[in-house]
Structure formats: structure tokens, C-alpha cells
Amino acid sequence: MQSFWLSFLHIFLLCAAVCIDTFAAAFGFGAEKIRIPTLSALVLSAVSAAALALAILAGGWLTPFLPAGLTRWLSCLLLSGMGLVKLFDSALKRLVRRLPQPGRKLSFRLFRMRFLLHIWADPAAADADCSSVLSAAESVTLALALSSDGLAAGLGGGFSGLSPWAVFFCGVFTNWFCIAAGSLAGQKAAVRTSSDLSWLGGGILLIMGLLALL
């Protein structure tokens, strides 16, 4: 029973750490009066959770080919390393925002890396057509941008033996909650904030890195 609750705590912390950016993005959308329809919220939640679950699955596939004692240390290093990176996310995002932005008349290309970088640094840029409504297609791009820095954390979680299905369903629920709460909070605030919560996700991942050694 203790092992079950420890695994549940590990899954919840992992999902919470990677979903903090989703909350911040939804807050920005709410403050900018950009609406996130139910379908777009579901797509955003599902794609983000699927990316994390696939990283978990990849870690599980690699585990049998690695020495037994090595996986715990790899999990610790990946989670803690990703946590340290996220602690400095704010500075990196400020640097990316200074890059020349792609024109608003660009054709919608899902894998245009500069566009994805700008969305990662400024999620409101996902509303490429300036319609003040996040479409399902735009939510996929936003999900990919937000999920990019959680792949290493997911791989570390896979080395810890986490269930990809449990992570997926927990991720969908956590993302959905963060979208609803962040959007509502942004609408209530009615002003966009420059504060970045990435440091909180980084702190959670550092804790998870230590838990991986238990």
C-alpha cells in the first residue's frame, strides 16, 4: 500500500510540474481575452498528456537494457537536471522573445521551429489568426511547445517505473484543471502578468529527482 501511494505521489508531482506552464499559458489567454473552447481544451490536455506518457513509455522500454542500479540514478539525474533547467526558464524565455518574430501572414506549419519557440516563450502567440479564439489546430501547436521541456522529465519518470496509462489520465485531468483555473484567473485579473511560474515546476522536479532514489 505504501508503494502504491508513493507511486501515486510521484505521478501527481510529475503531472503538476509539467502542467504549471499550462496554467500560466491559460492565465495569459484569459488576460488577453482569448477564449479556449471545450474542444481546444480537450485537445490541448490530451496532446500534452500523450507526449508525457510516450516519454514515460520510452523510459520503460529502455529500462530492461540498462543495469538495474543505473536506472534510479538516471531517473534522478534527468528529473533533477530538468528541474534546474526550468528554474532558469524565465531568463531563457526573455531571450527567445527578443528573436525576430515570424510574420502574422505565415502559412500554418505545425513544425516550424521558430514559431514553436515563440509560442513556448509567449503562449498567446498560438492564436496565429488573431481571432481571440484558440482553435483545435492551434491548441496542438501550443501543446507541443509546452510539452517540449517535459520530455526529459517523462523519460526520467519512465526509468522510475511509472505507468504511462496512469500518467496519461492524470495528465489529462491535471491539464484540464489548469486550463480552466488559469483561464478564469486571467479573466478575473484582466491584466497580463510578467511573472513566470516555471521555477515552481523546477522545484517539484528537483524533489522528484530525490524521490527517485528512495
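If you're wondering where the values come from, they're calculated on a predicted model, not measured in any experiment.
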- [ ] Return the minimal non-hydrogen interatomic distance between S75 and G156, and the atom names on each side.
- [x] OG-O, 2.7 Å
- [ ] Starting at OG1 of T141, measure out to CG of L146 and round the result to the nearest 0.5 Å.
- [x] 10.5 Å
Open item on the list: Quick check for you: to the nearest 0.5 Å, what is the distance between S135 atom OG and R35 atom CZ?
Closed with: 11.5 Å
- [ ] Taking the side chain as every heavy atom from C-beta outward, state whether W176 and T22 have any pair of such atoms under 4.5 Å apart.
- [x] no
TODO: Calculate, to the nearest 0.5 Å, the distance between atoms CG and CG belonging to N175 and D21 respectively.
DONE: 10.5 Å
Open item on the list: Testing the basics here: between L151 and A55, what is the closest heavy-atom pair and its distance to 0.1 Å?
Closed with: O-CB, 3.5 Å
Open item on the list: Assigning hydrophobic clusters by single linkage (Ile, Leu, Val, Met, Phe, Trp, Tyr; side-chain heavy-atom cutoff under 4.5 Å), is F159 placed with W73?
Closed with: no
Open item on the list: Could you report the tightest heavy-atom contact between C178 and C19, atom names first, then the distance?
Closed with: SG-O, 3.7 Å
Task: Least distance between heavy atoms, Q187 atom then K33 atom - done: O-NZ, 3.8 Å
Open item on the list: Any non-hydrogen side-chain atom of L142 less than 4.5 Å from a side-chain atom of L44?
Closed with: yes
Open item on the list: Rounded to the nearest 0.5 Å, what separates atom CD1 in I20 from atom OG1 in T174?
Closed with: 11.0 Å
Open item on the list: When you compare the side chain of V133 with that of P37, does any pair of heavy atoms fall below 4.5 Å?
Closed with: yes
Open item on the list: Please tell me whether I56 and L155 are part of a single hydrophobic cluster in this structure, the criterion being side-chain heavy atoms less than 4.5 Å apart.
Closed with: no
TODO: Mind checking the SG-CD1 spacing from C170 to I11? Nearest 0.5 Å is all I need.
DONE: 7.0 Å
TODO: Using the rule that two of Ile, Leu, Val, Met, Phe, Trp, Tyr join whenever any of their side-chain heavy atoms come within less than 4.5 Å, decide whether F169 and F12 are in one cluster.
DONE: no
Task: Taking every non-hydrogen atom, the tightest pair across A136 and S40 - done: N-OG, 3.3 Å
- [ ] Quick one: closest heavy-atom pair of P164 and A53, and the distance?
- [x] O-CB, 3.5 Å
- [ ] Say whether L62 and L79 are linked into one hydrophobic cluster, either directly or through other cluster members, by side-chain heavy-atom distances under 4.5 angstrom.
- [x] no
Open item on the list: According to a hydrophobic-cluster definition based on side-chain heavy atoms being under 4.5 Å apart (Ile, Leu, Val, Met, Phe, Trp, Tyr only), do L13 and V18 belong together?
Closed with: yes
Task: From CD1 (I179) to OG (S48), nearest 0.5 Å - done: 7.0 Å
- [ ] Just say parallel, tilted or perpendicular for the rings of W165 and F168, cut-offs at 30° and 60°.
- [x] perpendicular
